[in-house]
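First comes the structure, then the notes that go with it.
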Amino acid sequence: MHEWSLAQAVINGALDYAKKHKLKRAIKINVVLGELQQIDVPAFKLALKELIKEQQAYKIKFKIKEEKAKLRCRACGFEWLFSKTKEKLSEQDSELIHFVPEVAHTYMRCPKCKSPDFEIIKGRGVQIESIEEISE
Amino acid sequence: MHEWSLAQAVINGALDYAKKHKLKRAIKINVVLGELQQIDVPAFKLALKELIKEQQAYKIKFKIKEEKAKLRCRACGFEWLFSKTKEKLSEQDSELIHFVPEVAHTYMRCPKCKSPDFEIIKGRGVQIESIEEISE
Amino acid sequence: MDPRLSIIDERLKEVKRIIAVSGCKGGIGKSVISCALALQLSKLGYKVGLLDLDFFSPSDHIILGAKLSFPEEEKGIVAPEVSGIKFMSIVYFIENKPAPFRGIDVSNAIIELLAITLWNKLDFLVIDMPPGIGDATLDTIRAIKRMGFLLISTQSKLSWESTKRMAKMLKEINVPIIGIIENMQKGSDSFIEKQAKLLGIRFLGSIEFDEKLESKLGNMKSFSQTKFSKQIGKIVPNIC
Amino acid sequence: MDPRLSIIDERLKEVKRIIAVSGCKGGIGKSVISCALALQLSKLGYKVGLLDLDFFSPSDHIILGAKLSFPEEEKGIVAPEVSGIKFMSIVYFIENKPAPFRGIDVSNAIIELLAITLWNKLDFLVIDMPPGIGDATLDTIRAIKRMGFLLISTQSKLSWESTKRMAKMLKEINVPIIGIIENMQKGSDSFIEKQAKLLGIRFLGSIEFDEKLESKLGNMKSFSQTKFSKQIGKIVPNIC
Ligand SMILES: Nc1ncnc2c1ncn2[C@@H]1O[C@H](COP(=O)(O)OP(=O)(O)O)[C@@H](O)[C@H]1O
Ligand SMILES: Nc1ncnc2c1ncn2[C@@H]1O[C@H](COP(=O)(O)OP(=O)(O)O)[C@@H](O)[C@H]1O
Ligand SMILES: [Mg+2]
Ligand SMILES: [Mg+2]
Ligand SMILES: [Mg+2]
Ligand SMILES: [Mg+2]
Ligand code: NI
Ligand code: NI
Ligand SMILES: [Zn+2]
Ligand SMILES: [Zn+2]
C-alpha cells in the first residue's frame, strides 16, 4: 500500500507547518483526496491513524474530503469529469495512474478530440487544504 | 512599435469571440496590460484605434486597465512586486523583457534568495479580461 | 482570455509550408539538419524562414555563424536575415545567458514569438524543435495547424525508441509526418529504414556521419559545402 | 498545500550522496555515463540507486537491459533491483508509450516519484537528468538540497555553449558542481579541459568515443567491459 507514503507526507507536512507557525498542541488537518489518484481511502486512513501515534509533538485529528477530478482539453477546450471516462481504462492502466497521476496523459485522451494535451484542473491527488488549531 | 502586433491580437481575439458567441454589433473589450511587459500605452491605444477602423463587422470600444506584476519565488516563497525591483534592470534588459516577458528569468532574481525559479503570479502581459455587448 | 493564439494564423498566412524538425531525443542532429535544410531550400530559390525553438540549447545561430543583431521593431518584430534566411531565436533575447524556464514559460515565450514575429512571405518555415514531447511540441501542434513533422533518428536504439514514441503520438492525433531521416549513419546497414517501413512512415534517406562537419560549423559557406549538407540537399526534392 | 515536498528529505535521509548527471544539451552521453557510473560504483561495493528523470527519452532501462517488472508496493514503492542497482524510471509506468507531459506534469511526476520511492540505505543515488534547465532541473534543485551536479560536454561548440549556460546558472545559485567530464573525445585535444579551467570548474577527465559502445547497450556485462565503462571507472575515484 503506497498510501502509507502519502499519509506520511501529510503528517510531515502538517507538522512542519505547525512548528513553523507555532501552533498550539492540538491541530486538525483537512485533507483533500483528488479522485484521479484513486487513493484506497481505508488504507490511507489507517496509515494516518498509525502515523499519528508515532509522534508526540502534536495531538492530531484529520478530516478527509474527496474531490472529483476534472479535466480540460487544451486543444479543443472540452471539460469533463474523470468519473465519466474512468470505466474505459483497463485495471492495469488505472493502477499506473494511481502511482503517478500524470501518466493519465499516456492512457487517457480528450473524449471529444482525442488530444493527450489536457489539463488536470482539479482532483489530481493528495493535498492539505488547511491546518487548524483545535481545543485539546 | 511591436505594440501594434499585440493590439492586432486583441482585436482578432475579440472578433473571433464575438462571432463565435454571436454577439450583437457593438462590443466593449476590457483589456488588461500586465506591467511586466512594459507596454507603451499610448502606442498600444493608437494601434487599437487604427485597427478598429480597419474592420467593419463590429463597432468596438475598449477599456484599458493596467495591472501590477507580482512574482513569487518557488525556492523560498517570497512574493514581490516588479515595480519594487524594476530599477535594478538595465534599460536593455528591460527592453528584452518587453519583447518576451519570460526572459525575466534570465535577467531577474528573487530579491530574497537570488533564485531564478520564480512564478509570474499576475501582470505578465496583454490579456482580454472580458468582452461585453453594449448599446450602439 | 489569451488574445495571442488568435493572431498566429494571421502571422503565418503568407507562409506556404511549415516543417517542424523533431525526433524526441537530443543530440540526433535536429539543429544541423534544420540549418542545412533551410540553406539548401534557400539555394533552390525558395524564400525560407528558420525558427529555433530550443530555448535551453539554442544552436542554429552557432551553426550559421549568425551575428546577433537585435530584431527590428515594426508592427511586430522582424526576423533578421542571415544570408537571405529569416532567422528567429531566443538568443536575440538571452544572448549567452541561461534561460531557466518552467514549462509554462516555454509555452508563453513560444506563443509570444509566434504572435509578434513578422515572417511575411515565405515558401518554407523550418522549425528546429527542442527534444521531448513537452510544451514546445504540444504548443506548436496546438498553434500551427498546418505543420508537418520531419522526424530524425540515429541508428542507436536509444534514439529510435524515442522517435518511435513521438511518431506514435503524432499518428494518433493525426499530425502529418513528412518522413524520417536517418542521421549519423555508419556502415551500410539501414536499421531506421526498416523500422520506418514497419511503422508505415516514409523513409527519406540516410545522412552519413561526416567527420568534417564539426569544424565547418559557424561558417555558412563551408557548412553548406560539407558532404553532410550535400546529402541533405539530395533529400530536399522529396520534401518539396 | 502540497504535502509531498515535506517527505522528500525523509525519503533520502539514508542516501549518502546524490549526483545529478546533466549538461543541458541532449545526446552528449548523460544516460550512458549515468549507467556506467552506477555500475562502476556498484562494482566497488557501494550501494547504488539510479533514477532516470528523462521522461521523454528514458534510456537507462535500454542501456542496462532491465526487465520491466512492476515496482513492488510497500509503504511506498520499492525501486526494483537491476543487478544490485536500485533502479527507478518512468518506463515502469508508461512502458513504450509516449508521455506527452507539460512542464507542470513533469514537475508533479518528479515530486511524486521522489515522495513515494523507498531507496532505503544507499551510498550513491545517480540521477540521469533530461536535457535543459527546465522543470526537472529546477525541481530537483528545489527538492534535493544535498545534490551535486556532474556536468558532461562533448567537444562540440554546440554542446559546450549549453553546458556553459547551465554551469553559469548553477554557480550563481550556489549549487555544487562536482566537475566536468568531456565525452566522445576524438583526437588528443582537450578543448573542454581548457574551458573548464577558465570557468574555475574541476575537470574530471575525457572519455573517448568508443565505436563498440552501441553494440554493447542492453547487456550489462558487456557494457561494463567496454573501454567506455573502464574510462568511467578511472574517473570514479575522483568523485568518491
Ligand atoms: N551527420 C553528422 N555527422 C557528423 N556530426 C553530426 C552529424 N549530425 C549531427 N552531428 C553532430 O552531432 C551533434 C548533435 O547535433 P545537433 O544538431 O546539435 O542535434 P540536436 O539538435 O538534435 O540536439 C552536434 O555536435 C553535431 O555537429
Ligand atoms: N563515449 C562514447 N562513445 C561512443 N558512443 C557514445 C559515447 N557516449 C555516448 N555515446 C552514444 O551517444 C548517444 C547519446 O548518448 P546518451 O547517453 O543517450 O546521451 P544523453 O542521455 O545525453 O541524451 C547514444 O547513442 C550513446 O550510445
Ligand atoms: Mg496497458
Ligand atoms: Mg544586458
Ligand atoms: Mg538542437
Ligand atoms: Mg539521456
Ligand atoms: Ni497504492
Ligand atoms: Ni514594443
Ligand atoms: Zn479536446
Ligand atoms: Zn527566493
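In what follows, chains are A, B, ... by sequence order, proteins preceding strands, each numbered from 1. All of these numbers come straight from a predicted model, not from anything done at the bench.
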From CA spacing to verdict: ring-ring contact (aromatic ring centres under 6.0 Å, His included), A:Y107, D:F93:
CA-CA 10 Å; A:Y107 299 108; D:F93 309 99; 9.8 Å; no

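Nearest heavy atoms, A:L96 versus D:Y92: CD2-O, 3.7 Å. For the pair A:G13 and D:M1, the tightest heavy-atom approach, listed with the atom from each and the gap, is O-CE, 3.2 Å. Minimum heavy-atom separation, A:E102 to D:D105: CG-O, 3.2 Å. A:S5 and D:A115 get closest at one heavy-atom pair: CB-O, 4.1 Å. Summarising the geometry of D:S6 relative to A:A9, their closest heavy-atom pair is CB-O, 4.4 Å, with the distance given to 0.1 Å.
Contacts of D:L118 with chain A are absent, with no heavy-atom separation under 4.5 Å from either backbone or side chain. Residue D:E72 does not touch chain A at all, counting heavy-atom pairs closer than 4.5 Å. Heavy-atom distances place no part of A:E129 under 4.5 Å from chain D, backbone and side chain included. Both the backbone and the side chain of D:R4 come within less than 4.5 Å of a heavy atom in chain A. Both the backbone and the side chain of D:A109 come within contact range of chain A, each with at least one heavy atom under 4.5 Å from a heavy atom of that chain. Heavy-atom distances place the side chain of D:I90, and not its backbone, under 4.5 Å from chain A.
No more than 12 heavy atoms of other residues, nucleotides or ligands shown are found within 6.0 angstrom of NZ on A:K70. Within a 6.0 Å radius of NZ in A:K84, other residues, nucleotides and ligands contribute 12 heavy atoms or fewer. Around atom NZ of A:K45, no more than 12 heavy atoms belonging to other residues, nucleotides or ligands sit under 6.0 Å away. Within a 6.0 Å radius of NZ in A:K63, no more than 12 heavy atoms belonging to other residues, nucleotides or ligands are found. For A:K49, the NZ atom sits in a loose shell: 12 or fewer heavy atoms of surrounding residues, nucleotides or ligands are nearer than 6.0 Å.
Remark: the backbone N or O of D:I94 is not paired with any side-chain donor or acceptor of A:T106 at under 3.5 angstrom.
Salt bridge A:R124/D:E112: present, at least one basic N to carboxylate O contact under 4.0 Å.
Applying the ring pair (Phe, Tyr, Trp, His ring centres under 6.0 Å) rule to A:H98 yields the partners A:H2; only residues at least two apart in sequence or on another chain are considered.
One distance of note links CD1 of A:I120 with CG of D:N108; it measures 7.0 Å at 0.5 Å rounding. The line from CD1 of A:I11 to CD of D:E10 is 12.0 Å long, rounded to the nearest 0.5 Å.
Ranked by heavy-atom pairs under 4.5 Å with chain D, the first of A:R74, A:E95, A:E3, A:E119 is A:R74. With chain A as the partner, the residue from D:D2, D:I7, D:L5, D:I77 showing the most heavy-atom pairs under 4.5 Å is D:I7. Ranked by heavy-atom pairs shorter than 4.5 Å toward chain D, the options A:V100, A:I131, A:V10 are led by A:V100.
Side-chain contact between D:K97 and A:V103 is absent, with no heavy-atom pair separated by less than 4.5 Å. Between D:P3 and A:N12, the closest side-chain pair of non-hydrogen atoms is not below 4.5 Å.
Inspection of non-hydrogen atoms places A:A14, A:D16, A:Y17, A:Q37 of residues 14-44 of chain A under 4.5 Å from chain D.
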